[in-house]
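Contents: one structure, followed by commentary.
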Amino acid sequence: MQDEIPFHVPSFRVRPLPAPELRKDLLVDRWVIVSTDRLSRALELHSANTVTPLEACPFCAGNERMTSAALLELFDEHGRWRVRVVPNLYPAVRSNVVAQAWSDGWHDGCKAVGRQEVVVECPQHETSLANLPAEQLTQVLGAYRERLQAAQEDPRLAYAIVFKNSGAEAGASLEHAHSQLLILPQVPRIVQEELDAAKRHFDSNSRCFFCDWWRVEQEAGVRQLLDSPRFSVFLPYAGRFPCEMCILPKEHQSRFEEISAEACQELGDVLRSALRKLQRGLNDPPYNYILHTAPLRSGALPHYHWHLEVLPRITGVAGFEWGSGYFINPVPPEQAAAYLRSVQP
Ligand SMILES: [Zn+2]
Ligand SMILES: [Zn+2]
Ligand SMILES: [Zn+2]
């Protein structure tokens with residue numbers, strides 16, 4: 001057996017697997033390669049890219065004139081905003097176009113109708129969501145809930161994704177802590193695959209996949225990271241990225257916008273602990289998180305269950321992944337979970 005290899009930070013030492021493994025994500029039938037052979041390569045890929053700070057940050061309190069008018073502001077008891085939602089200045093989709101589709105029998109297309117919103121996560125120039133108090137995270141989650149509810153009103157729109165890019169390598173172009181809503185006229189393929197697979201699972205087992213999943217992981221324990229009365233956090237068996245996490249409510253709920261105020265408060269706490277473990281344990285790595293929830297106006301679905309996927313971006317995605325569809329995870333999730341459990345949030 002080879003010696004342990006440090007991964008990303010010297011204190012995180014990974015035991016090499018005897019041979020690479022192919023692991024199947026049970027829900028979407030996606031296979032991942034877990035190969036500790038890639039450990040040293042994964043280390044080389046992490047470069048010191050940083051986001052260039054601007055002279056004046058458009059997201060800081062006092063610079064509100066640098067953004068469009070707010071779509072939502074959540075205030076503190078002194079009437080100062082704590083979370084602010086504004087239209088994205090460089091949207092990939094537009095709300096002010098007429099939905100129009102075309103086809104010439106070979107080339108199909110339609111106008112890219114949609115909305116892109118930015119959630120400014122705090123008024124002060126803080127770059128990391130993990131450094132904010134839990135109540136602030138609760139307000140950010142509350143802003144997601146309100147904007148998801150507002151998105152139901154436009155019948156042209158079918159799906160709202162909430163995502164966060166933290167750090168330049170994860171795609172952030174401004175360093176002030178923020179996340180985004182992308183509201184689209186179609187359900188994205190990646191979400192539709194999950195929805196279809198969850199439906200098939202429900203049809204053949206009469207049970208929600210996700211309701212069973214957290215119980216299985218809780219029982220196994222090896223990939224479990226955090227546990228609270230309402231939420232479970234674990235590292236998926238076939239996680240695509242080192243230290244990939246899944247956060248989900250224990251009680252069945254298909255749409256995030258139905259979350260109660262109490263659950264939102266608890267989730268703020270849980271999310272903060274999870275992000276702080278990443279920040280402290282892995283030297284503040286870049287990461288994305290993505291909220292997967294049921295499509296707009298879908299009602300309560302018995303087979304789908306919202307969840308938050310946290311994807312640390314320590315390893316690169318290149319030709320191997322794009323070409324084959326296989327992600328290579330150099331760190332077995334069981335070892336990553338054991339390490340992160342030992343890190344104090
Ligand atoms: Zn700022
Ligand atoms: Zn469920
Ligand atoms: Zn998902």
I'd like to know whether Phe241 forms a ring-ring contact (aromatic ring centres under 6.0 Å, His included) with Phe327, so could you lay out the CA-CA distance, the side-chain angles of the two residues, the decisive distance to 0.1 Å, and finally the verdict. CA-CA 8 Å; Phe241 301 96; Phe327 285 84; 5.3 Å; yes
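- Counted within 6.0 Å of CZ on Phe75, heavy atoms from surrounding residues, nucleotides or ligands total more than 12; the atom is thus considered enclosed.
- Note on ring orientation: taking the six-membered ring where Trp is involved, the planes of Phe210 and His307 are parallel (angle under 30°, cut-offs 30° and 60°).
- The number of heavy atoms from other shown groups lying within 6.0 Å of CH2 (Trp102) is above 12.
- Between Cys122 and His176, some side-chain heavy-atom pair lies under the 4.5 Å cut-off.
- Salt-bridge check for Glu219 with Arg215: failed, with every basic side-chain N at 4.0 Å or more from each acidic carboxylate O.
- More than 12 heavy atoms of other shown residues, nucleotides or ligands fall within 6.0 angstrom of atom CG in Leu89.
- The neighbour count for Gln265 CD, taken as heavy atoms of other residues, nucleotides or ligands under 6.0 Å away, does not exceed 12.
- Judged by distance alone, the side chains of Tyr289 and Ser166 never bring a donor and an acceptor atom under 3.5 Å apart.
- Atom CZ of Arg297 sits in a crowded spot, with more than 12 heavy atoms from other residues, nucleotides or ligands closer than 6.0 Å.
- Side-chain contact between Phe256 and Leu267: present, with at least one pair of heavy atoms (C-beta onward) separated by less than 4.5 Å.
- Looking at Arg156, its side chain does come within 3.5 Å of a backbone N or O of Ser95 through a donor-acceptor pair.
- The two residues Ser273 and Leu226 come nearest to each other via the heavy atoms CB-CD1, 3.8 Å.
- Ion pairing between Arg84 and Glu64 fails under the 4.0 Å rule for side-chain N and carboxylate O.
- Judged by distance alone, with hydrogens and angles left aside, the side-chain atoms of Asp269 form no donor-acceptor pair with the main-chain N or O of Ala134 at under 3.5 Å.
- Looking only at atom types and distance, the side chain of Gln192 has a donor-acceptor partner in the side chain of Asp196 under 3.5 Å away.
- Here Glu266 pairs with Ser228, Arg230 under the side-chain hydrogen bond (donor to acceptor under 3.5 Å, both in side chains) rule; sequence neighbours left out.
- Classification of Arg240 and Asp25 as a salt-bridged pair fails, no side-chain N sitting under 4.0 Å from a carboxylate O.
- Side-chain polar atoms of Tyr144 and Ser179 form a donor-acceptor pair below 3.5 angstrom.
- Looking only at distances, a side-chain donor or acceptor of Asn329 sits under 3.5 Å from a matching main-chain atom of Gly239.
- Side-chain atoms of Glu309 do not come within 3.5 Å of backbone N or O of His292 as any donor-acceptor pair.
- By the 4.5 Å heavy-atom criterion applied to side chains, Glu321 and Ile328 are counted as neighbours.
- Proximity of Gln279 to Asn131: side-chain heavy atoms (C-beta onward) are separated by under 4.5 Å at one or more points.
- Annotation: ring pair (Phe, Tyr, Trp, His ring centres under 6.0 Å) contacts involving residues 180-208, sequence neighbours excluded, comprise His201-Phe209.
- Between Arg223 and Glu217 a salt bridge is recorded (basic side-chain N to carboxylate O distance below 4.0 Å).
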